[in-house]
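Note sheet for the following structure.
A note on names: the letters A, B, ... follow the listed sequences, proteins ahead of strands, and every chain is numbered from 1.
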Protein chains: 2
Amino acid sequence: MLKKTERLSLVEQVVIQIEQLIESGHWQIGDQLPAEMQLMKEFDVSRNTLREAIRALVHAGLLETKQGSGTVVKSSSAFGVALHRQVEKSSIMETLEVRLALEREAAQLAAIRRNDHDLEAMTESIQLCKLASEKGNVQEFLQADIIFHKAIVKASHNKMLERLYEHITEPLQSSIVEIMVADAYFNYSEEIHYELLEAIKQQDVQAAISYVNTYINDFREKIKRIQED
Amino acid sequence: MLKKTERLSLVEQVVIQIEQLIESGHWQIGDQLPAEMQLMKEFDVSRNTLREAIRALVHAGLLETKQGSGTVVKSSSAFGVALHRQVEKSSIMETLEVRLALEREAAQLAAIRRNDHDLEAMTESIQLCKLASEKGNVQEFLQADIIFHKAIVKASHNKMLERLYEHITEPLQSSIVEIMVADAYFNYSEEIHYELLEAIKQQDVQAAISYVNTYINDFREKIKRIQED
DNA sequence: TTTAGAAAAGTTGTAGGATGATTGGACTTA
DNA sequence: TAAGTCCAATCATCCTACAACTTTTCTAAA
C-alpha cells in the first residue's frame, strides 16, 4: 500500500510554524507578534495566506488580534483552551465531580509509582500550604493547595491525566477563589495532607483513595454550603 | 462599570453561524457545503472573510476542504476533535487509566442518581452484548459493550463526564478493536455486567466501584498480554 | 512648560479581482 | 463498452485598494 502524498497547504504550513514558535517559547504568552507585513516577508506568503493562518489560531484560542493594535499570544495550548471552554459551559459541581475522578485515580497510581523526587515535591508544597494557612491568606493557601495536588498527579506518571487535571483545575480554581474569598470562610486542617502524603509514601493504595475521598467531600460540602447562602 | 462593547468581527460571526448550522444538524457529517461563491452571497461577505471563517473551522477539525472538490463536514464537536488529538498523542495504557478514572466515578454517581429509564437502557445494552457474544462477533460485541458503559455514564447525570467519556472512548475503541480482532482473542463472562447492573440498581456504591475495578483490570491485563506477544 | 487636541503613521478588517492547481464528470473515439 | 481527452466547477494563492481602529507624533493654546 502506497502512502498517501497529501501535500500540506501553505496556510497549514504557516499555522504549524507559528504553533511551534509558541510551543517552543520563542513567542511567549503576552508577547506581541510582528505586524502582518513583516510576517508576510518572513514566511514568504501573501497576506491572505498569512491572515488565514492567523485566523485559525485566533479561533483556536492561541492568538488574539485587535484592529489597529496588533496580535498577541493568548495561550500556548489549544487543548487547554478547548477544555477551558468546556469547563465554563459546565457547573462547578459537575466539574468538581470530574476532578474527583481524576484525583482519585492519580492518588492510586501515585501510591504505586511515586519516586523520591515526587515525594520531595509533595512535601515541599505541604510546607507552602502550612505557611499560607498560618498567615491566614486564603488566596495563597488555595494556590499552594493546587500545587500539592498537582504534585500528586505528576507522581502518577501519566501525562494524559496530568494534562487533563491541569486544564480542568485551572479554570475551576478562579471560580473557587472567587467564592472562598467573597465568603471569607477558611479553616485548614493540615492533618489530611500529611496523611495522604504518608499513604502514598507507604504505597497504601486504599488509604490514599480514602483520604482523597475525604478531602474532596469536605471540599464539596464547603462549596455547597457557601453557594446555598 | 460599563459593559465592554466588543463587536464581533465579520469572520467570527460567519464562524459562529456555520458552527450552529453544523451543531443543529442542518449540515450533517459527510454533507458537502455550498461552494464559496454561493456562501459569499448567502452570508453577504467577501471571499476573504468567508475563507478565513472556513479555514478556522478546518483547523478546528469541523470541516475539510479539498481543492477542486469542495468542503465537507468532518465532525460536529470541536471539543471532540481536540480530545481525539490528545488521545492519539498518548499511549493506550495511559488512556485506559483515564478511562478507568471516569468510569469509576460514573458508576458511583450512577448508583446514586440512576432512574428507571437509565436502568432500562442498561438492561437493553446487556442483551446486545450477550447476543453478539453468542454469535462470536468480536467487533459487534465491543460495540455493544461500549453502549453499556455509555449507558452507565449517562446515568451519572453529569454532562461533562459524559462528554469526556464519549470523546476519550471513541478514538480508544478503534485501537482496541484493531488489537482484539487481530489477536482473535475473545472470551466474555457476562456475570460481571449483570453484577454491575444489579449493584447500580440496588444503589450499592461500594459494590459498583468494585465491579468496575474488576472489569477494567481484567481488560487491562488482556490488552497488556496481547501487546506483549 | 504643560496639555489638550489634531494630524500622521501604523495595524488589522473587509472587499473584489485575477490566475493557478486539482478534481470530477461529460464527452469523444476506437 | 472502455479508455482517454477535454471541460467546467472548485479551492488555493496572490494582488491591490480602502476602511476602521490604535498609537504615536506634532501642534497650538493656556
Side-chain angles (χ1 to χ4, degrees), chain A residues 2-19 21-22 27-75 81, chain B residues 2-19 21-22 27-75 81:
Chain A
L2 299 172
K3 76 174 173 185
K4 52 183 169 184
T5 55
E6 186 181 328
R7 282 173 39 206
L8 283 176
S9 70
L10 274 184
V11 175
E12 208 56 37
Q13 288 180 46
V14 173
V15 166
I16 290 172
Q17 286 191 69
I18 295 178
E19 277 177 337
L21 282 168
I22 293 174
W27 288 336
Q28 304 210 338
I29 293 178
D31 283 2
Q32 177 135 5
L33 265 62
E36 285 178 352
M37 204 63 79
Q38 189 175 340
L39 288 175
M40 282 167 61
K41 292 182 206 154
E42 292 187 10
F43 289 121
D44 191 31
V45 294
S46 73
R47 183 152 180 240
N48 282 353
T49 302
L50 176 72
R51 280 185 58 83
E52 284 183 25
I54 287 178
R55 179 66 64 183
L57 293 173
V58 166
H59 186 254
L62 292 193
L63 299 179
E64 191 176 65
T65 59
K66 247 188 357 191
Q67 188 176 176
S69 174
T71 305
V72 299
V73 180
K74 201 72 192 302
S75 166
V81 173
Chain B
L2 298 172
K3 76 174 172 184
K4 53 183 170 185
T5 54
E6 185 180 330
R7 280 172 40 204
L8 282 176
S9 70
L10 274 183
V11 175
E12 207 57 36
Q13 289 179 45
V14 173
V15 166
I16 289 172
Q17 286 192 68
I18 295 178
E19 277 177 337
L21 283 168
I22 292 174
W27 288 337
Q28 303 209 340
I29 293 178
D31 283 1
Q32 177 135 6
L33 264 63
E36 284 179 352
M37 204 62 80
Q38 190 175 339
L39 287 176
M40 282 168 59
K41 291 182 205 153
E42 291 187 11
F43 288 121
D44 191 30
V45 294
S46 75
R47 177 184 217 81
N48 285 348
T49 301
L50 176 72
R51 281 186 58 81
E52 284 183 24
I54 286 178
R55 178 66 62 180
L57 293 172
V58 166
H59 187 254
L62 292 193
L63 300 179
E64 191 176 65
T65 59
K66 239 182 13 183
Q67 191 176 173
S69 174
T71 305
V72 299
V73 180
K74 202 72 192 302
S75 167
V81 174

Trace of the side chain to side chain contact (heavy atoms under 4.5 Å, CB included) decision for A:Arg47 with A:Met37: CA-CA 8 Å; A:Arg47 183 152 180 240; A:Met37 204 63 79; 5.8 Å; no
Residue pair B:Leu8, B:Ile16: steps toward the side chain to side chain contact (heavy atoms under 4.5 Å, CB included) verdict: CA-CA 10 Å; B:Leu8 282 176; B:Ile16 289 172; 3.8 Å; yes
CA sep, side-chain torsions, deciding dist, call: B:Leu33, B:Val73, side chain to side chain contact (heavy atoms under 4.5 Å, CB included): CA-CA 7 Å; B:Leu33 264 63; B:Val73 180; 3.6 Å; yes
Side chain to side chain contact (heavy atoms under 4.5 Å, CB included) between A:Leu39 and A:Ile18, intermediate numbers included: CA-CA 10 Å; A:Leu39 288 175; A:Ile18 295 178; 5.6 Å; no
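Of all nucleotides in DNA chain D having an atom under 4.0 Å from a heavy atom of chain A, the first and last in 5' to 3' order are D:dT13 to D:dT22. Of all nucleotides in DNA chain C, those with any atom nearer than 4.0 Å to a heavy atom of chain A start and finish, going 5' to 3', at C:dG10 to C:dT22.
Annotation: side chain to side chain contact (heavy atoms under 4.5 Å, CB included) contacts of A:Gln28 (sequence neighbours excluded): A:Asp31. Residues satisfying the side chain to side chain contact (heavy atoms under 4.5 Å, CB included) test with B:Leu10, not counting sequence neighbours, are B:Gln13, B:Val45, B:Thr49. Among residues two or more places apart in sequence or in another chain, the side chain to side chain contact (heavy atoms under 4.5 Å, CB included) test is passed with B:Gln32 by B:Val72.
Contacts between residues 28-42 of chain A and DNA chain D, defined by a heavy-atom separation below 4.0 Å, involve no residue at all.
Taking for each of A:Ser69 and A:Asn48 the nucleotide of DNA chain C with the nearest heavy atom, the 5'-most of the two is the partner of A:Ser69. Sequence order on DNA chain D of the closest nucleotides to A:Gly68 and A:Asp44 puts A:Asp44 first from the 5' end.
Contact record, A:Ser9 with B:Arg55: OG-NH1, 3.7 Å, taken as the closest heavy-atom pair.
Using a 4.5 Å heavy-atom threshold, the side chains of A:Glu36 and A:Arg51 count as touching.
In this structure, CG on A:Leu50 lies 10.0 Å from CD on A:Glu42, to the nearest 0.5 angstrom.
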